Amino acid sequence: MKRNLLTAVCMAILLAGTALADGGADIYKAKCALCHGPDGLAGTPAGKALKAVSFKDPAVVKAKDADLIAAVTNGKNKMPAFNGKLSPADIKAAVGYIRTLAK
Ligand code: HEC
């Protein structure tokens, strides 16, 4: 009985965590759209100036999630590192959102 309660509490915490990490669109709009544009095509002045990539670019479409997560975490050329600024779950959610923009 006690064990079931514990399991239920763990499940609730897990579900709450997923719900938070689900805010990929909000994170993207707040932290990424400035350079990458609301549509992910990097057509903003900052995106053009820094030569940000379009998320429809075949290289990005083909890249593994882990590679994109690493680029966001550690930065890449003029792309700023988000390590410490966003949690790993938030970075993962933002990359998940990028995938929806590539379609
Ligand atoms: C200050 C502008 C700027 C911001 C803000 C920014 N990026 Fe970028 N991003 C870039 C630039 C420039 C590149 C191109 C880097 C390169 O390959 O030279 C890039 C590249 C990328 C790539 C492709 C990496 C690869 O492997 O080719 C991904 C994915 C990415 N950004 C995701 C994000 C996410 C997610 C956020 C928000 C959390 C974000 N970016 C915020 C400028 C920015």
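One-based numbering, in listed order, for ligands and for the atoms of each. Computed from a prediction, not measured in an experiment: that's the story for all the values here.
- Annotation for K85: atom NZ counts as buried by contact number, over 12 foreign heavy atoms lying within 6.0 Å.
- Rounded to the nearest 0.5 angstrom, C32 SG and Y97 OH are separated by 10.0 Å.
- Interface of C35 with ligand 1, defined as ligand atoms under 4.0 Å from a residue heavy atom, comprises 1 (C), 2 (C), 3 (C), 4 (C), 5 (C), 42 (C), 43 (C).
- Ranking protein heavy atoms by distance to atom 24 (C) of ligand 1, first place goes to A71 CB, 3.7 Å.
- Across every non-hydrogen atom of S54 and V60, the tightest pair is O-CG2, 3.8 Å.
- Contact annotation: for V95 versus ligand 1, there are no heavy atoms closer than 4.0 Å.
- Protein heavy atom in closest approach to atom 5 (C) of ligand 1: K31 O, 3.3 Å.
- Checking K29, K76, H36 against atom 21 (C) of ligand 1, the nearest heavy atom belongs to H36.
- Under 4.0 Å from ligand 1, heavy atoms of C32 appear from its side chain as well as its backbone.
- Nearest non-hydrogen protein atom to atom 14 (C) of ligand 1 is K51 O, 3.8 Å.
- For atom 23 (C) of ligand 1, the closest heavy atom belonging to the protein is V53 CG2, 3.6 Å.
- Not a single heavy atom of Y97 lies less than 4.0 angstrom from ligand 1.
- Note: the hydrophobic cluster containing L68 also contains M79 (ILVMFWY, side chain heavy atoms under 4.5 Å, direct or indirect links).
- Scanning the protein heavy atoms around atom 12 (C) of ligand 1, the nearest turns out to be L50 O, 3.3 Å.
- When each of N83, D90, I91, D67 is tested with V72 by the rule side-chain contact (heavy atoms from CB on, under 4.5 Å), just one qualifies, namely I91.
- A side-chain donor-acceptor contact under 3.5 Å links K56 to the backbone of K103.
- Checking side-chain atoms of K51 against main-chain N and O of G47 turns up no donor-acceptor pair under 3.5 Å.
- Within the 4.5 Å cutoff, the side chain of L101 has no heavy atoms near those of the H36 side chain.
- The option with the heavy atom closest to atom 32 (C) of ligand 1, from among I91, N77, V72, is V72.
- Among all protein heavy atoms, the one lying closest to atom 28 (C) of ligand 1 is F55 CE2, 3.6 Å.
- Taking a 4.0 Å cut-off on heavy atoms, L86 registers as neighbouring ligand 1.
- Hydrophobic clustering places I69 together with Y28 (ILVMFWY residues linked when any side-chain heavy atoms are closer than 4.5 Å, directly or through intermediates).
- At a 4.0 Å heavy-atom cut-off, ligand 1 touches P80 through the side chain alone.
- Scanning the protein for heavy atoms near atom 39 (C) of ligand 1, the closest one is M79 CE, 3.2 Å.
- Only side-chain heavy atoms of I98 come within less than 4.0 Å of ligand 1; its backbone N, CA, C and O stay farther off.
- At a heavy-atom cutoff of 4.0 Å, ligand 1 is contacted by no atom of Y28, backbone or side chain.
- With rounding to the nearest 0.5 angstrom, the CG atom of D39 is 10.0 Å from the CZ atom of F55.
- Scanning all heavy atoms of the two residues, the minimum distance from A93 to I27 falls at CB-CD1, 4.3 Å.
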